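Structure first, then comments.
Predicted, not measured: the structure shown is a model, and the values here were computed from it. Residue numbers begin at 1 in each chain, while the letters A, B, ... track the order of the sequences.
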Number of protein chains: 2
Amino acid sequence: MGEASERKARLRRLRVEGESTRSAILRAAVSLASVDGLEGLSIGNLAAEVGMSKSGLYAHFGSKEELQLATVEEAARIFDDEVSRPALSAPAGAPQLEALMEAYFEHLERRALGGGCFFSSAAMEMGTRPGPVKEAVAAFGAGLDGLLHGFAASAIEQHQLPPDEDPEQLVFEFNGFILAASASFILSGDPAVLGLARQVVRRRLRRGR
Amino acid sequence: MGEASERKARLRRLRVEGESTRSAILRAAVSLASVDGLEGLSIGNLAAEVGMSKSGLYAHFGSKEELQLATVEEAARIFDDEVSRPALSAPAGAPQLEALMEAYFEHLERRALGGGCFFSSAAMEMGTRPGPVKEAVAAFGAGLDGLLHGFAASAIEQHQLPPDEDPEQLVFEFNGFILAASASFILSGDPAVLGLARQVVRRRLRRGR
DNA sequence: CCTACCGATCGGTAGG
DNA sequence: CCTACCGATCGGTAGG
């Protein structure tokens with residue numbers, strides 16, 4: 001079997017029924033970036049991964065920056081599917097906060113992207129690199145903060161949390177839980193750290209009860 | 001003035017009385033890595049920054065990995081000087097926790113390294129790259145966790161925090177505060193987020209009082 | 001989507 | 001510490 005047919009076989013493996021080539025490329029891009037970062041994501045590596053030439057990729061994305069932007073979009077879609085959406089199905093307030101965190105911990109534990117948490121890494125990596133990609137990462141963060149803020153405000157409103165709690169402080173704390181779980185899990189590779197993270201979340205939501 | 005004398009002038013600027021060339025190189029390396037990451041730190045850029053040839057750097061560090069390891073060491077020394085040591089001078093227990101966080105927030109606000117928080121970024125960046133550099137970053141994290149654990153245990157012992165508090169959970173939470181402050185500050189560039197972080201820390205340490 | 005190429009930069013080495 | 005070089009890879013383009 002020649003190289004060409006191997007490439008096609010790999011692409012077929014990556015592609016699901018009815019899924020576009022662009023979508024298969026972006027799933028691979030998110031996976032590579034979850035290991036090597038958004039800067040470390042190279043067009044050559046990505047081309048090899050999906051069994052395509054570099055110029056084939058340039059037909060889909062005109063530049064590395066456009067590829068990075070599309071990759072951030074795809075990562076946001078995955079996060080919404082796997083973490084945000086399940087949380088929205090839980091009862092309003094504290095249960096949504098807990099469901100979001102639980103969905104996130106499972107997303108981490110399952111190593112859904114191959115490497116670590118895409119947005120934890122992207123925030124640290126792109127934070128010091130002004131430009132459209134940083135803005136896209138920041139916009140995702142703002143969206144997640146908004147979601148958490150709504151859950152927290154609702155929890156206070158429904159007296160699941162004391163009335164003197166501050167939603168903004170809660171958003172900061174839950175962001176911290178996400179980042180600490182991500183960093184700790186990625187460095188240790190030990191699912192036990194997620195047990196500790198779950199305890200922290202549970203206790204935090206039972207405070208003042 | 002020729003290029004050669006410009007280079008020497010730059011090196012002189014970077015060097016303080018009695019400071020070794022190696023030390024000046026490493027300070028520049030930490031600064032560059034705080035912006036571009038430990039992978040993004042290139043020997044060519046670093047050589048230009050300190051006004052030296054690439055091969056001049058190879059006389060000090062035999063490989064990029066050795067340079068990265070030395071850079072992690074230097075960053076740890078700076079963190080210990082600016083954050084850990086001041087905390088150790090505070091009264092034992094909760095005041096040490098608060099002093100460490102305050103020193104960290106000031107370290108961030110002052111933009112002490114030029115870019116963001118070296119170890120927040122390094123943990124996310126190297127977490128997915130097995131090898132000696134990741135181990136060095138993990139070892140620093142373990143050391144900081146140990147320090148926080150001691151402060152937390154002491155706070156509980158002295159009844160500054162309730163006896164049902166778990167030091168390990170507190171370590172996780174404070175790690176989260178550090179990471180959330182770092183990510184938030186780097187993305188927004190707004191010192192106001194550190195005000196929120198300070199409130200969270202203060203409230204957390206007054207819980208159960 | 002491909003082959004074939006571009007200049008720039010990467011980490012690293014030879015020889016002084 | 002330097003100049004001068006190595007092969008590999010980077011992002012990107014020409015032409016089909």
Side-chain angles (χ1 to χ4, degrees), chain A residues 2-15 19-26 28-29 32-33 35-72 125-126 129 131-133, chain B residues 2-15 19-26 28-29 32-33 35-72 125-126 129 131-133:
Chain A
E3 271 189 42
S5 25
E6 274 181 46
R7 283 185 180 177
K8 279 173 195 166
R10 171 133 46 167
L11 191 54
R12 225 175 295 124
R13 238 177 294 132
L14 280 167
R15 283 173 68 173
E19 193 191 28
S20 72
T21 303
R22 182 189 160 95
S23 186
I25 294 168
L26 287 178
L32 287 179
V35 176
D36 296 327
L38 272 166
E39 282 312 301
L41 172 66
S42 91
I43 284 153
N45 279 344
L46 179 57
E49 182 68 26
V50 301
M52 189 179 287
S53 68
K54 277 168 49 179
S55 67
L57 284 185
Y58 276 100
H60 289 272
F61 315 94
S63 67
K64 178 165 183 185
E65 186 172 287
E66 280 184 42
L67 171 64
Q68 289 175 319
L69 287 168
T71 303
V72 170
E125 184 185 10
M126 304 310 294
R129 303 176 192 256
V133 184
Chain B
E3 269 190 44
S5 25
E6 274 181 44
R7 284 186 180 177
K8 278 173 195 165
R10 170 133 44 166
L11 191 54
R12 225 174 294 126
R13 237 177 298 132
L14 280 166
R15 284 172 67 174
E19 193 190 28
S20 71
T21 303
R22 182 188 160 95
S23 186
I25 294 169
L26 287 178
L32 287 180
V35 176
D36 297 326
L38 272 166
E39 281 314 301
L41 172 66
S42 90
I43 285 155
N45 278 345
L46 179 56
E49 183 67 28
V50 300
M52 187 179 290
S53 68
K54 276 168 52 179
S55 67
L57 284 184
Y58 276 101
H60 288 274
F61 315 96
S63 68
K64 178 165 183 184
E65 187 173 286
E66 280 183 41
L67 170 63
Q68 289 176 318
L69 286 169
T71 303
V72 171
E125 184 185 11
M126 303 311 293
R129 303 175 191 255
V133 184

May I ask you to verify whether the side chain of B/K54 and the base of C/dG11 hold a donor-acceptor pair under 3.5 Å?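 Flag set: donor-acceptor pair detected.
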Does a distance-only test, which skips hydrogens and angles, find a donor-acceptor pair under 3.5 Å between the side chain of A/S55 and the base of C/dC2?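 Counting by modelled atom types and ignoring angles, a donor-acceptor contact under 3.5 Å is found here.
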Gap between atoms [atom1] and [atom2], on [X] and [N] respectively (whole Å):
| X | N | atom1 | atom2 | answer |
| --- | --- | --- | --- | --- |
| A/D36 | D/dC10 | CG | P | 10 Å |
| A/E65 | D/dG12 | CD | C1' | 14 Å |
| B/I25 | D/dC1 | CD1 | C1' | 10 Å |
| B/M52 | D/dC2 | CE | C1' | 11 Å |
| B/Y58 | D/dA4 | OH | P | 19 Å |
| A/E66 | D/dG11 | CD | P | 14 Å |
| A/H60 | C/dC2 | NE2 | C1' | 12 Å |

Under the side-chain contact (heavy atoms from CB on, under 4.5 Å) criterion, do B/T21 and B/M52 qualify, and how do the steps go? CA-CA 10 Å; B/T21 303; B/M52 187 179 290; 3.6 Å; yes
After noting the C-alpha distance and the side-chain angles of A/R129 and A/L38, does the key distance pass the side-chain contact (heavy atoms from CB on, under 4.5 Å) rule? CA-CA 11 Å; A/R129 303 176 192 256; A/L38 272 166; over 6 Å; no
Nearest heavy-atom pair of [X] and [Y]: which atoms, and what distance?
| X | Y | result |
| --- | --- | --- |
| A/E65 | A/P132 | OE2-CG, 3.2 Å |
| B/L26 | B/A70 | CD2-CB, 3.7 Å |
| A/A24 | A/V50 | O-CG1, 4.4 Å |

Run B/E39 and B/Q68 through side-chain contact (heavy atoms from CB on, under 4.5 Å) and show every step you take. CA-CA 8 Å; B/E39 281 314 301; B/Q68 289 176 318; 3.2 Å; yes
Intermediate values then yes/no, side-chain contact (heavy atoms from CB on, under 4.5 Å), A/L57 and A/L67: CA-CA 9 Å; A/L57 284 185; A/L67 171 64; 5.5 Å; no
DNA chain C contacts made by residues 39-47 of chain A, counting heavy atoms under 4.0 Å: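 Those residues: none at all.
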When rounded to the nearest 0.5 angstrom, what distance separates CD in B/E49 from CG in B/L32?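 Taking CD in B/E49 and CG in B/L32, the distance rounds to 5.0 Å.
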Side chains of B/L69 and B/F61, heavy atoms from C-beta outward: is any pair under 4.5 Å?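 No, their side chains stay 4.5 Å or more apart.
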Which ranges of DNA chain C pair up as stems, where a stem means three or more consecutive Watson-Crick or G-U pairs with both distances under 3.5 Å?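 So the stems come out as C:1-16 with D:1-16.
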Among D/dC1, C/dG11, D/dG11, which nucleotide has an atom closest to any side-chain atom of A/K64?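 Within the option list, the nearest is D/dG11.
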